Amino acid sequence: MDETRSAERILVIAHSQEQVSRLAWQNVREAMRCARVSFDQADLASSGDLPELLQYSAVLMVTESLDRLSTGAVSALEDFVDDGGGLVVAFRARHPRLNALFGVVGSEAYIASIPPSHPSGGLRFPGRALPSFEGIHLPEADMIPHSGFDIRPVPSAEIVATATSGKPVAWRTVTGRGAVIFWNTAFLAERRARGLIIESVQAVEAVSVQPIANVAVVQIDDFPAPLGGNLSSDLMARHDMTDPGTFYARVWYPDVVRIAQRHGIGLSCFAVFNYHVERDKQLEAAPRAESFDVISEIAPAEIGLHGFDHRSLRLADWSNEAAMRTSLGAVRTAWSASGLGESPVCYVPPNNVYDAYGARCLASELPSLRVLSGSFFGDVENGQGREFGPEPWAPSLYCLPRVTAGHECSDETLFDAASQIATMGVWTHFIHPDDVADTPGPNARKIGLRNPEDRPWHSTDREGGLLGQLDAIFKAVRRLAPWLRFVSTREAADAVKAHLERSWQVGQAGADLDIRGPVGGWTRLRLNHRPWRRIETAVGCEIVHRTVAEDYTLYVLRFSAEQARLRLIDRSRLASLAAQLWRRGQTMSDRKRPSPAALTSASKSP
Ligand SMILES: [Zn+2]
């Protein structure tokens with residue numbers, strides 16, 4: 001073997017005394033844990049020198065304090081990239097000697113950072129450098145401001161991301177045999193941006209091996225349940241119904257199952273037994289609702305628990321601790337009386353909220369529970385903002401937090417789904433039956449509503465109804481990751497846990513890439529064309545999916561043995577001719593998609 005390293009080994013340059021750097025570094029660290037990327041940290045607060053860079057496949061910077069780098073460290077970075085290493089500047093930063101490396105137009109006037117009010121927010125991905133994000137748009141209203149510097153990329157740079165306005169936000173340049181991506185934004189410190197961090201690293205390494213969990217769940221909160229509430233008279237008349245509970249059981253659920261089945265998606269449903277328990281008074285299930293009947297007729301992949309009533313397991317919501325415990329005890333009776341089968345393994349917290357006492361109470365009162373599926377975003381103290389792993393307040397429960405929600409196929413939902421899939425090959429989504437009822441009244445604001453466009457359930461216009469919108473989300477995710485396995489919530493939690501615990505190793509010996517991983521494991525492999533290579537033979541794994549872009553090939557591999565050997569063939573001698581042919585073929589067969597180069601020059605024009 002002429003080279004042995006772990007699947008990926010990254011050097012992260014951070015500054016522990018810088019507040020923004022600390023936050024960004026924390027986010028990078030969690031992204032790399034999820035993507036199984038090995039890394040070391042160089043802390044500029046303690047030294048301006050860097051360790052030997054040859055042991056790394058890429059360097060990632062998350063600090064503004066680059067002036068702390070020693071002269072030797074700056075030269076080492078330049079040599080590292082020149083020799084084929086990758087560099088990602090994941091947090092806007094500048095250094096007078098690194099303009100060329102960063103692909104920045106040299107100007108001493110670039111000192112100003114743009115005020116947050118500068119109208120150039122949002123994110124678009126015009127090219128294919130970050131494959132999960134191709135064509136995706138995150139609107140300005142849905143994200144923090146970039147707060148970038150007033151700098152421009154060099155004309156030869158490939159634009160990776162722009163603001164909604166077209167102003168470049170991230171660009172890639174090639175220096176010698178290596179590549180650099182520069183992000184002129186603070187956005188990558190956000191947890192929803194983790195997929196951008198991971199795919200940026202993959203875009204600058206020559207070869208990138210990324211293990212993935214490869215699972216997805218679609219969950220239904222509040223079903224089965226004694227559903228009622230208000231539905232518009234229009235909707236009820238259209239479906240010839242008078243009772244909302246009947247609509248949810250006889251129209252909504254069968255429709256959702258039908259389109260889910262069309263996409264090969266199994267659903268996890270989460271039951272509630274009574275919405276009208278008066279503060280700790282009686283704990284009897286409501287009269288049997290039709291949704292319990294329909295769920296025994298059309299079984300989902302799994303039925304989990306959403307609570308006896310819909311109260312959050314937060315002490316403030318209960319008279320005392322005993323009352324909370326009694327309610328969980330009542331679940332056991334209601335569960336078996338409702339004929340829901342084996343005791344629940346997975347729990348979704350009402351309102352995505354619980355406290356430390358509630359988590360511990362849940363684990364002790366209902367020992368069949370293993371998985372807690374709350375929210376990926378939000379306030380940690382409210383039981384939200386959870387990572388994949390043991391619940392910090394009750395480690396016997398495993399957190400499988402949900403990243404996206406709803407029927408409405410919004411840009412924000414597609415961005416968050418893409419980012420999660422790019423980070424670890426996982427998608428966690430949930431819907432509510434009454435999303436359809438959450439409409440704006442006359443002149444009301446749409447923000448935060450689950451049916452903001454007041455869509456009907458069905459529409460003759462394909463995506464005009466809320467059901468069509470859900471279908472559009474499923475289609476988009478299927479198109480993005482056709483290899484994604486839709487499973488029950490408990491299977492997903494087991495797969496994610498295994499993904500985060502299993503060990504992977506990559507070694508390169510001449511033309512062979514040896515990957516050691518678990519039998520049944522999954523990985524993405526990206527070969528950037530430096531030089532242009534592709535897999536000639538694969539032993540010990542199956543190529544499940546392949547994407548060929550202008551300057552890379554991306555594979556999804558499934559392991560059938562503990563060691564896979566991939567023979568890579570170097571096509572660099574034919575590269576020039578083949579690339580020309582490829583481009584010509586692309587133009588002829590795919591006229592709707594402009595070439596990345598065309599987009600690059602378009603978005604760079606003033
Ligand atoms: Zn709920």
Side-chain angles (χ1 to χ4, degrees), residues 217-231 244-245 247-249 252-253 256-257 260 267-279 283 285-286 289-292 294-295 300-314 316-318 324 327-328 330-331 334-335 338 340 344-355 358-359 361-362 366 369 371-379 382-386 391 397 399-408 413 428-439 448-452 466 470 488-489:
V217 291
V218 174
Q219 301 174 335
I220 304 178
D221 292 10
D222 299 278
F223 198 91
L227 288 157
N230 292 318
L231 280 172
F247 169 80
Y248 292 126
W252 178 87
Y253 179 68
V256 170
V257 169
L267 301 164
S268 300
C269 291
F270 290 85
V272 174
F273 301 99
N274 193 340
Y275 288 105
H276 301 290
V277 175
E278 266 182 54
R279 203 164 170 93
L283 289 173
E290 276 183 280
S291 54
F292 285 88
V294 80
I295 214 141
E302 176 168 14
I303 304 175
L305 175 67
H306 192 36
F308 181 84
D309 44 27
H310 202 272
R311 258 181 299 173
S312 301
L313 296 181
R314 180 173 59 178
D317 293 8
W318 303 76
M324 191 196 283
S327 147
L328 289 172
V331 165
W335 192 274
S338 302
L340 295 179
V345 173
C346 305
Y347 173 80
V348 163
N351 314 305
N352 285 313
V353 164
Y354 53 93
D355 65 11
C361 196
L362 193 64
L366 295 172
L369 291 178
V371 183
L372 203 170
S373 236
S375 178
F376 180 70
F377 298 110
D379 179 7
N382 277 331
Q384 302 169 338
R386 285 302 189 261
E391 161 57 42
L397 299 171
C399 287
L400 189 84
R402 290 95 63 86
V403 167
T404 56
H407 292 67
E408 181 76 16
T413 296
T428 49
H429 185 80
F430 73 102
I431 56 175
H432 296 96
D434 62 358
D435 286 350
V436 67
D438 196 24
T439 54
L449 294 178
R450 292 175 275 139
N451 185 4
L466 210 55
L470 185 64
S488 68
T489 296

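The model shown is predicted, which means the values in this text are computed figures rather than measured ones. Residues take their numbers from the sequence shown, with the count starting at 1. Whatever order the structure lists ligands and atoms in, that order sets their numbers, starting from 1.
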Is the centre of the F223 ring less than 6.0 Å from the centre of the Y253 ring?
yes
Examine distances only and state if a side-chain atom of E302 and a backbone atom of T489 form a donor-acceptor pair shorter than 3.5 Å.
yes
Side-chain contact, heavy-atom cut-off 4.5 Å: F430 with V218?
no
Residues two or more places apart in sequence or in another chain: which of them pass ring-ring contact (aromatic ring centres under 6.0 Å, His included) with Y275?
H310
Working to the nearest 0.5 Å, report the span between CG of D434 and OH of Y248.
5.0 Å
Rounded to the nearest 0.5 angstrom, the OG-CG distance for S327 and N274 is 10.5 Å
Give me the protein N, O or S atoms that fall under 2.8 Å of the Zn ion (ligand 1), sorted by chain and residue number.
D222 OD2, H306 NE2, H310 NE2
